*Asks:* 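Here it is: the structure, laid out below.
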Amino acid sequence: MTPMLPLNDGRQMPQLGFGLWQVPAAITAETTATALRLGYRLVDGAAIYGNEEGQGEGIRRSGLPRDEVFVTTKVWNSEQGFDKAIRAAEASLKRLGLTHVDLLLIHWPCPAQDLYLDTWRALIRLRDEGKALSIGVSNFQEPHLERIIGETGVTPVLNQVEINPRLQQPALRAFHAAHRIVTQSWTPLGQGRSFDAAPVQAVARRTGKSPAQVILRWHLQIGASVIPRSTREAGLRENLDLFDFALTDAEMAAMASLDEGARCGPDPARFEMM
Ligand code: NAD
């Protein structure tokens with residue numbers, strides 16, 4: 001149902017998915033199963049979200065064949081380093097109840113800790129062992145990407161970073177395009193900061209879509225993968241209903257003017273939280 005994006009390792013992934021950050025563990029299985037029933041095929045999780053058991057349970061409850069669901073998890077900052085990252089990924093698989101994930105990411109570079117290169121080597125090993133079909137990173141900036149690519153010759157398939165209308169990251173996205181790295185947008189709705197912005201409202205009025213749908217459609221049209229979060233069935237449904245309208249070139253240009261370089265989340269150059 002949702003378009004597929006080609007990955008630089010020959011695989012492919014759904015462009016649209018849903019995220020599980022801050023989804024309470026007690027309702028994660030139900031939320032995941034509901035989303036899969038509605039048509040989502042990409043589930044973005046992480047060890048630090050504390051709900052991998054529910055993520056795995058929801059996938060089983062959906063009854064879908066394993067290879068129809070694209071499952072992501074991430075290695076947390078305190079688990080960086082070669083041996084620790086291997087153990088952390090294996091612990092995630094155990095909690096998920098899966099033999100492999102489709103995509104394993106390093107959650108943050110944590111440059112002061114300076115272990116992301118060893119961690120990347122662990123992800124390469126896990127991929128070679130079939131425990132992660134594809135490997136990538138999250139919150140990496142150009143110097144971090146250049147270093148892991150230069151040292152290992154393995155380019156991440158994807159970089160999951162904060163992108164929303166007020167933080168469009170054009171230089172990083174151009175770097176991704178040049179290296180065939182998929183950009184995946186986290187906090188895509190930007191905490192509602194742009195819901196009232198004139199370019200968003202204009203498209204909403206013209207199409208009858210909600211501001212959230214206009215912004216999610218903008219993510220798809222800049223070529224990004226996008227993983228909005230909602231625990232409400234109506235919200236999940238709304239965020240999937242993006243394929244019967246499009247922003248025009250002029251509307252895309254107006255959206256570009258909203259970029260202020262203003263983050264909702266932490267600066268990856270300085271974020272070292274364990
Ligand atoms: P989001 O942009 O998806 O926004 C979620 C908020 O918007 C919730 O409060 C939700 O109730 C509300 N919302 C959802 N749909 C709506 C709609 N149609 N209309 C109005 N409000 C709506 O933010 P997020 O959860 O921060 O990010 C999405 C996912 O990205 C996360 O769940 C997680 O999987 C991932 N993420 C990753 C990182 C990272 O460091 N890699 C950081 C943050 C989030």
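As the structure is a prediction and not an experimental result, all values here were calculated from the model. All ligand and atom numbering here is 1-based and tracks the order in the structure.
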*Asks:* I'd like to know whether CZ of Arg206 has more than 12 heavy-atom contacts from other residues, nucleotides or ligands below 6.0 angstrom.
*Replies:*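 Enclosed.
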
*Asks:* For ligand 1, is Pro188 a contact, meaning one of its heavy atoms is under 4.0 Å away?
*Replies:* yes

*Asks:* Tell me whether the rings of Trp21 and Tyr49 are parallel (<30°), tilted (30 to 60°) or perpendicular (>60°).
*Replies:* tilted

*Asks:* Taking Arg121 for its side chain and Thr152 for its backbone only, find out whether a donor-acceptor pair lies under 3.5 Å.
*Replies:* no

*Asks:* Checking side-chain polar atoms at under 3.5 Å, does His219 have a donor or acceptor matched by the opposite partner on Ser185?
*Replies:*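 Note: His219 and Ser185 side chains meet the donor-acceptor criterion.
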
*Asks:* With a 4.5 Å heavy-atom cut-off, do Pro156 and Ile148 have their side chains touching?
*Replies:* yes

*Asks:* Do you know which two heavy atoms are closest between Glu52 and Thr73, and how far apart they sit?
*Replies:* OE2-OG1, 2.6 Å

*Asks:* With heavy atoms only and a cut-off of under 4.0 Å, state how Tyr49 meets ligand 1: side chain, backbone, both or neither.
*Replies:* side chain

*Asks:* At a non-hydrogen distance cut-off of under 4.0 Å, which region of Asn139 contacts ligand 1 (side chain, backbone, both, or neither)?
*Replies:*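 The part of Asn139 near ligand 1 is the side chain, not the backbone.
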
*Asks:* So which of Asp44, Thr72, Val137 gets nearest to atom 34 (O) of ligand 1, if we judge by its closest heavy atom?
*Replies:* Asp44

*Asks:* Side chain, backbone, both or neither: which part of Glu238 comes within less than 4.0 Å of ligand 1 when only heavy atoms are counted?
*Replies:*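 The answer is the side chain of Glu238.
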
*Asks:* For Arg125, look at atom CZ and say whether over 12 heavy atoms of other residues, nucleotides or ligands are found less than 6.0 Å away.
*Replies:*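 No, the 6.0 Å shell around CZ holds no more than 12 heavy atoms from other groups.
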
*Asks:* If we only count N/O pairs under 3.5 Å, is Ser185 in contact with ligand 1?
*Replies:*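 So ligand 1 has no N or O lying under 3.5 Å from an N or O of Ser185.
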
*Asks:* Give the residue, atom name and distance (to 0.1 Å) of the protein heavy atom nearest atom 3 (O) of ligand 1.
*Replies:* Arg229 N, 2.8 Å

*Asks:* Within ligand 1, which atoms have a heavy atom of His107 less than 4.0 Å away?
*Replies:* 39 (C), 40 (O), 41 (N)

*Asks:* Is the closest N or O pair between Phe195 and ligand 1 shorter than 3.5 Å?
*Replies:* no

*Asks:* Is Asp44 salt-bridged to Arg229, cutoff N-O under 4.0 Å?
*Replies:*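 Here Asp44 does not pair with Arg229 in a salt bridge, since their nearest N and O are not under 4.0 Å apart.
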
*Asks:* If you count the atoms of ligand 1 from 1 in the order shown, which ones are under 4.0 Å from a heavy atom of Gln160?
*Replies:*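 Result: 35 (C), 36 (N), 37 (C), 38 (C), 39 (C), 41 (N).
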
*Asks:* Would you name the heavy atoms of Leu158 and Leu103 that are closest together and state the gap between them?
*Replies:*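 Between these two residues, the closest heavy atoms are CD1-CD2, 3.9 Å.
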
*Asks:* Name the closest protein heavy atom to atom 27 (O) of ligand 1, giving the residue it belongs to and the distance to 0.1 Å.
*Replies:* Thr187 N, 3.1 Å

*Asks:* Using a 4.0 Å cut-off to any heavy atom of Ile227, which atoms of ligand 1 qualify?
*Replies:*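 Atoms satisfying the 4.0 Å criterion: 28 (C), 29 (C), 30 (O), 35 (C).
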
*Asks:* At their closest point, which heavy atom of Pro14 faces which heavy atom of Ser225, and how far apart are they?
*Replies:*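 Smallest heavy-atom distance, with atoms named: O-OG, 4.0 Å.
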
*Asks:* State if Trp108 counts as touching ligand 1 under the rule of any non-hydrogen atom under 4.0 Å.
*Replies:* yes

*Asks:* Give me the nearest non-hydrogen protein atom to atom 17 (C) of ligand 1 as residue plus atom name, then the distance to 0.1 Å.
*Replies:*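 Scanning the protein heavy atoms, the shortest distance from atom 17 (C) of ligand 1 goes to Ala212 CB, 3.5 Å.
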
*Asks:* Going by side chain to side chain contact (heavy atoms under 4.5 Å, CB included), name the residues that satisfy it together with Ala88, two or more places apart in sequence or in a different chain.
*Replies:*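 Residues passing side chain to side chain contact (heavy atoms under 4.5 Å, CB included) with Ala88: Val75, Glu79.
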
*Asks:* With a cut-off of 4.0 Å, which atoms of ligand 1 are near a heavy atom of Pro228?
*Replies:* 3 (O)

*Asks:* For Val43 and Gln55, work out which heavy atoms get closest and say how close.
*Replies:*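 So the minimum-distance heavy-atom pair works out to O-NE2, 3.5 Å.
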
*Asks:* Side chain or backbone of Leu20 under 4.0 Å from ligand 1, or both, or neither, by non-hydrogen atoms?
*Replies:* backbone

*Asks:* Please write down residue, atom name and distance for the protein heavy atom closest to atom 18 (N) of ligand 1.
*Replies:* Asn239 OD1, 2.8 Å

*Asks:* To the nearest 0.1 Å, how far is atom 4 (O) of ligand 1 from its closest protein heavy atom, and which atom is that?
*Replies:*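 Looking only at protein heavy atoms, the one closest to atom 4 (O) of ligand 1 is Leu189 CD1, 4.0 Å.
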
*Asks:* Starting from atom 31 (C) of ligand 1, what is the nearest protein heavy atom, named by residue and atom, and what distance separates them?
*Replies:*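 Looking only at protein heavy atoms, the one closest to atom 31 (C) of ligand 1 is Trp21 CB, 3.5 Å.
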
*Asks:* Which residue holds the protein heavy atom closest to atom 44 (C) of ligand 1, what is that atom called, and what is the gap in Å?
*Replies:*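 Scanning the protein heavy atoms, the shortest distance from atom 44 (C) of ligand 1 goes to Trp186 CB, 3.7 Å.
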
*Asks:* Does any N or O atom in Ser210 lie less than 3.5 angstrom from one in ligand 1, N or O only?
*Replies:*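 Such a contact does not occur with ligand 1.
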
*Asks:* Mind checking whether Gln168 and Leu258 have side chains closer than 4.5 Å, heavy atoms only?
*Replies:*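 A side-chain contact exists here, since the closest heavy-atom pair is under 4.5 Å.
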
